[in-house]
Amino acid sequence: MPSRIYRGKIPPSRLDHLLAHPYEIPLAIFGFLACLGVLVAELVPPISVSPTIDGLNGVIAWLVGALGIVGNVLVVKGLLDDGPDLMPGWQDERTGLALAGASWAIYAVSVALTFPGSVVSWAIAAVVACSHATRLRATFAEEEDVRDAVQRHGEAA
């Protein structure tokens with residue numbers, strides 16, 4: 001159906017951004033909340049998020065929490081950017097994906113080493129880390145496509 005092209009509002013509404021990124025934004029929000037939970041559990045010992053997090057070294061838990069909070073905030077900030085220049089949004093998203101992906105990867109490796117039998121815990125974290133890496137790569141492909149389209153058709157494309 002080539003004649004049915006979705007044309008969002010200029011600038012895009014928040015709903016346009018949410019519809020364009022139905023997985024990335026909820027995953028970043030979940031990642032933010034999970035990492036916040038890790039830090040809260042470190043600060044308030046009676047609070048337990050999960051046995052695998054309780055078993056992590058304190059430095060690792062702080063690293064996972066801090067990288068994840070900053071990274072996921074940047075992912076959402078980048079995805080919701082509606083400025084006329086795409087680069088600031090991509091830069092925020094890319095930085096966020098790298099930080100959040102590192103957080104999930106560190107968590108996956110730490111859990112795999114500490115609780116090798118908790119396959120679901122470390123495998124899901126590894127899949128999310130790989131998903132962030134895939135999305136990071138996709139942002140570079142998107143940039144290349146946009147640059148090619150602008151070069152071929154001019155700024156009005």
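Side-chain atoms are counted along with the backbone in the values below, which use heavy atoms only and exclude waters and symmetry mates. Please read all numbers here as calculations on a predicted model, not as lab measurements. Just so you know, residue 1 is the first one in the sequence shown, and it goes up from there.
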Enter the distance from [X]:[atom1] to [Y]:[atom2] here, rounded to the nearest 0.5 Å.
X: Trp122; Y: Phe115; atom1: CH2; atom2: CZ; answer: 14.5 Å
X: Thr139; Y: Glu93; atom1: OG1; atom2: CD; answer: 6.0 Å
X: Asp92; Y: Leu80; atom1: CG; atom2: CG; answer: 10.5 Å
X: Leu136; Y: Thr95; atom1: CG; atom2: OG1; answer: 9.0 Å
X: Leu97; Y: Trp90; atom1: CG; atom2: CH2; answer: 13.5 Å
X: Leu63; Y: Ser103; atom1: CG; atom2: OG; answer: 7.5 Å

Least distance between heavy atoms, [X] atom then [Y] atom:
X: Leu67; Y: Ala102; answer: CD1-CB, 4.3 Å
X: His17; Y: Asp82; answer: NE2-CB, 3.6 Å
X: Cys35; Y: Gly65; answer: CB-O, 3.5 Å
X: Ala61; Y: Leu39; answer: O-CD2, 4.2 Å
X: Pro116; Y: Val119; answer: O-CG2, 3.7 Å

Donor-acceptor contact present, side-chain Ser50 to main-chain Ile53, <3.5 Å
yes
Please check if the side chain of His132 supplies one atom and the backbone of Ala98 the other of a donor-acceptor pair under 3.5 Å.
no
Under the side chain to side chain contact (heavy atoms under 4.5 Å, CB included) criterion, do Asp145 and Phe140 qualify, and how do the steps go?
CA-CA 9 Å; Asp145 288 347; Phe140 288 102; over 6 Å; no
I would like to know whether Tyr107 and Thr52 meet side chain to side chain contact (heavy atoms under 4.5 Å, CB included); could you show each step before the answer?
CA-CA 9 Å; Tyr107 176 73; Thr52 54; 2.9 Å; yes
Co-membership, hydrophobic cluster, residues [X] and [Y], 4.5 Å side-chain:
X: Ile60; Y: Val111; answer: yes
X: Leu79; Y: Val73; answer: yes
X: Val44; Y: Ile69; answer: yes
X: Leu43; Y: Leu33; answer: yes
X: Val40; Y: Phe32; answer: yes

By salt bridge (Lys or Arg N to Asp or Glu O under 4.0 Å), which residues pair with [X], not counting sequence neighbours?
X: Asp81; value: none
X: Arg147; value: Glu143
X: Glu24; value: Arg135

Using a side-chain heavy atom cutoff under 4.5 Å and only I, L, V, M, F, W and Y, what cluster partners does Tyr23 have?
none
Using a 4.5 Å cut-off between side-chain heavy atoms of Ile, Leu, Val, Met, Phe, Trp and Tyr, which other residues end up in the same hydrophobic cluster as Val127?
none
Passes side chain to side chain contact (heavy atoms under 4.5 Å, CB included), Ile29 versus Asn72? Steps please.
CA-CA 7 Å; Ile29 291 169; Asn72 287 299; over 6 Å; no
Stepwise side chain to side chain contact (heavy atoms under 4.5 Å, CB included) check, Val49 with Val38
CA-CA 7 Å; Val49 178; Val38 169; 5.5 Å; no
What pairs with Ser48 under side-chain hydrogen bond (donor to acceptor under 3.5 Å, both in side chains), at least two apart in sequence or on another chain?
Asp54
